[in-house]
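Here is how names work: the chains are called A, B, and so on, in the same order as the sequence lines, proteins then strands, and each is numbered from 1.
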2 protein chains.
Amino acid sequence: MVKLEEAIGSIETCSSTDELKHALQDIIEDFGFSSFNMLDAGNPHVDVPYYIGTTPENWVQTYISNGFVHVDPCVTRVRRSNAPFSWDEVEVPRYDGSGRKSGACKVMEAAHDHGFTEGFVVPFHYTDPLGRVFSSSSAFYWTDPVKKYRFLLSRKRYDLHLIMIYWAQRAIDIIAEQHRNRQGLLETQADPRTAVALTDRERDALSWAARGKTVADTADILFISQATVETHLRHAIAKLNASNKTHAVVKAIYLGLIDV
Amino acid sequence: MVKLEEAIGSIETCSSTDELKHALQDIIEDFGFSSFNMLDAGNPHVDVPYYIGTTPENWVQTYISNGFVHVDPCVTRVRRSNAPFSWDEVEVPRYDGSGRKSGACKVMEAAHDHGFTEGFVVPFHYTDPLGRVFSSSSAFYWTDPVKKYRFLLSRKRYDLHLIMIYWAQRAIDIIAEQHRNRQGLLETQADPRTAVALTDRERDALSWAARGKTVADTADILFISQATVETHLRHAIAKLNASNKTHAVVKAIYLGLIDV
DNA sequence: CTTAAACTCCCGATTTTTCGGGACTGGTGC
DNA sequence: GCACCAGTCCCGAAAAATCGGGAGTTTAAG
């Protein structure tokens, strides 16, 4: 069995994505997995995010052509957590027997149809030297009996987590280097930490908007005229570089400017 | 020596920040460190960021009253990297004997004056249940001879890294929970009975609304008519028991139904 | 005292959202 | 085949938000 230090060492000496791919494939085969992939999970709106891995081509094609990235419950979970998890820990809306299946349901069924009995997913949220934030979802695919998987995981969960962190880090570093001049391959999240200073009233107006109040409601609550509330909202939208009230509220929440 | 699994296990059973503090203190003392602290490094403009740890009170006071958080080279490095590092790996602008000392220089000297001979710093970039990105800086303080530190680090670097990740995560979860209870305005993860089930298209429509798109924009993006998008939005608003689009988007984000 | 910024209010025109209906198609399991 | 539901599309009217102006008051800092 691979030693942790050796595995990480072999990763850190890689200088191309191809080397990295093979290095990780060797490591995970040793653990019993059949293949892996890592994808850029930081941009929910992108149809085909950056991808690297060793999963079979027909699975990749299925995944892309069905737009699974938008409904994959694993990717969704990755965006809001930092701890690794198995597929069986993911809640998939149970199909209640009537009507159409949800997308999440289809993804998991499709994975099973491709022979994947289980999977181990590692989220990694990463900051690059420019301060840009990335989120990646790495998945190890299992094709053997699930029982063996459970046993392995109970013993090697942390090793896998750590290996994947160092691997993802190395991967992103290499990719960033290769595509320093090219845009759009690994898109960054929109400046999450640029300080925007809202005034008290702008924050008030946005907060009440976030709670579902109309301008008229808010005017009553704050005891000012509708015109004033509109002005505050307009200023807030401009400051946040948002395109409308809804957008501004979302941005303000993500920037920690308002609580709901 | 502590076993990794045991250490992480002891962390994951903690249910208060106080318990957590003592649990980690026990672990790191076993490694040979004297104390630790973790601080929120994600907001460079904040003078006194959230802090938790066991370092002596007079060090904390020195750190705060001198505004060290703005010049600490370790914190700066944490913001743009993901790998743990030792203090001696941090580049401090060498004092050339003339003019003023740089702030970074002062921080490191002050640490030394307080008896800290070395330190191990672990960056951790993570997302909260809303998908917002944060950064934390965790530091282990060493007061014994540096030689012993080097030996320890060469063998236990990865263990320390992993322990700190799980510790920081637990700390964040507990803090978030406390915050939620204090505010308690919006329900977060609902129990299965009241769980809202959006269809794929309803989620699409809401997601694009959250990104600032109008109904017309969304119709173009999803390649369907405006009427359909309106229908999806109306259904989503009704299901979420929201009063308008903005409210629905906020609720959906808090419930983990959409990603932005 | 001056200046800047926050806060307040108004107008009118346009765009967008909201609401309550109805109606057809196609996938799904029973 | 049937029932159910997701998904699609349409109508029309009312409500709300958006935009680009302008303009007065208060407050705190230089």
Side-chain angles (χ1 to χ4, degrees), chain A residues 66-67 70-71 92-110 113 195-251 257, chain B residues 196-252 257:
Chain A
N66 289 83
H70 297 302
V71 289
V92 181
R94 217 38 248 144
Y95 180 57
D96 64 353
S98 68
R100 284 193 199 171
K101 269 178 203 160
S102 71
C105 200
K106 283 186 192 162
V107 179
M108 300 316 280
E109 280 182 9
D113 291 345
V196 174
L198 294 181
T199 69
D200 291 346
R201 282 313 216 186
E202 284 159 2
R203 229 174 314 110
D204 286 341
L206 271 189
S207 296
W208 288 112
R211 292 167 194 147
K213 305 299 180 191
T214 65
V215 170
D217 294 336
T218 306
D220 286 344
I221 293 168
L222 297 179
F223 232 74
I224 53 181
S225 82
Q226 292 194 28
T228 309
V229 176
E230 277 169 19
T231 305
H232 290 319
L233 281 177
R234 236 183 305 156
H235 289 164
I237 291 169
K239 281 185 181 176
L240 288 161
N241 200 20
S243 46
N244 56 41
K245 198 174 70 173
T246 304
H247 198 195
V249 164
V250 171
K251 282 194 160 192
L257 301 173
Chain B
V196 177
L198 295 182
T199 70
D200 292 343
R201 281 312 215 188
E202 285 158 2
R203 228 176 314 112
D204 285 341
L206 271 190
S207 296
W208 287 111
R211 293 164 196 151
K213 305 299 179 192
T214 65
V215 169
D217 293 336
T218 306
D220 285 345
I221 293 167
L222 297 180
F223 235 75
I224 53 181
S225 81
Q226 293 194 28
T228 309
V229 176
E230 278 167 20
T231 305
H232 291 319
L233 281 177
R234 233 181 312 152
H235 289 163
I237 291 170
K239 281 184 181 177
L240 288 162
N241 200 18
S243 46
N244 57 40
K245 198 174 69 172
T246 303
H247 197 196
V249 163
V250 171
K251 282 194 159 193
L257 302 173

- Looking only at N and O atoms, is any donor in the side chain of B/Arg234 or the base of C/dG20 less than 3.5 Å from an acceptor on the other one? yes
From C-beta outward on [X], which listed nucleotide comes closest to its side chain: [options]?
X: B/Glu230; options: D/dA17, D/dT18, C/dC19; answer: C/dC19
X: A/Thr214; options: D/dC10, D/dA16, C/dT8; answer: D/dA16
X: B/Thr231; options: C/dC9, D/dC10, C/dC7; answer: D/dC10
X: A/Ile224; options: D/dA16, C/dT8, C/dC10; answer: C/dT8
X: A/Lys245; options: D/dC9, D/dT18, C/dT8; answer: D/dT18

To the nearest Å, how far apart are [X] [atom1] and [N] [atom2]?
X: A/Leu240; N: D/dT18; atom1: CG; atom2: P; value: 13 Å
X: A/Asp217; N: D/dA17; atom1: CG; atom2: C1'; value: 13 Å
X: B/Leu233; N: D/dA15; atom1: CG; atom2: P; value: 21 Å
X: B/Asp220; N: C/dT16; atom1: CG; atom2: C1'; value: 15 Å
X: A/His235; N: D/dA17; atom1: NE2; atom2: P; value: 17 Å
X: B/Leu222; N: D/dA6; atom1: CG; atom2: P; value: 17 Å
X: A/Ile237; N: D/dG20; atom1: CD1; atom2: C1'; value: 14 Å
X: B/Glu202; N: D/dT8; atom1: CD; atom2: C1'; value: 13 Å

Are [X] and [N] close enough that a side-chain N or O sits under 4.0 Å from OP1 or OP2?
X: A/His232; N: C/dC7; result: no
X: A/Arg100; N: C/dG26; result: no
X: B/Thr199; N: D/dG7; result: yes
X: A/Ser225; N: C/dC10; result: yes
X: B/Thr228; N: D/dG7; result: no

- Message: Quick check on side chain to side chain contact (heavy atoms under 4.5 Å, CB included): which of A/Leu240, A/Thr218, A/Leu257, A/Ile237 does A/Leu206 satisfy it with?
- Response: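 Of all the options given, the one that passes is A/Leu240.
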- Sugar-phosphate only, base, or nothing, as touched by B/Gln226 at under 4.0 Å among non-hydrogen atoms: nothing
Is there side-chain contact between [X] and [Y], with at least one heavy-atom pair below 4.5 Å?
X: A/Asp204; Y: A/His232; answer: no
X: B/Val229; Y: B/Trp208; answer: no
X: B/Arg203; Y: A/Val71; answer: yes

- If only atom types and distance count, is the side chain of B/Asp200 paired as donor or acceptor with the main-chain N or O of A/Ser102 below 3.5 Å? no
- Message: If we ignore hydrogens and angles and just use 3.5 Å, is the side chain of B/Lys239 paired with the main-chain N or O of B/Val196 as donor and acceptor?
- Response: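 Here the side-chain-to-backbone pair does not exist.
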- Which residue lies toward the 5' end of DNA chain C, B/Lys213 or A/Ala227, if each is placed at its nearest nucleotide? A/Ala227
- Whichever of A/Ser243 and B/Asp200 has its nearest DNA chain D nucleotide further upstream toward 5':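 Closest to the 5' end, via its nearest nucleotide, is B/Asp200.
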- Message: Can you work out whether A/Val215 or B/Phe223 has the more 5'-proximal nearest nucleotide on DNA chain D?
- Response: B/Phe223
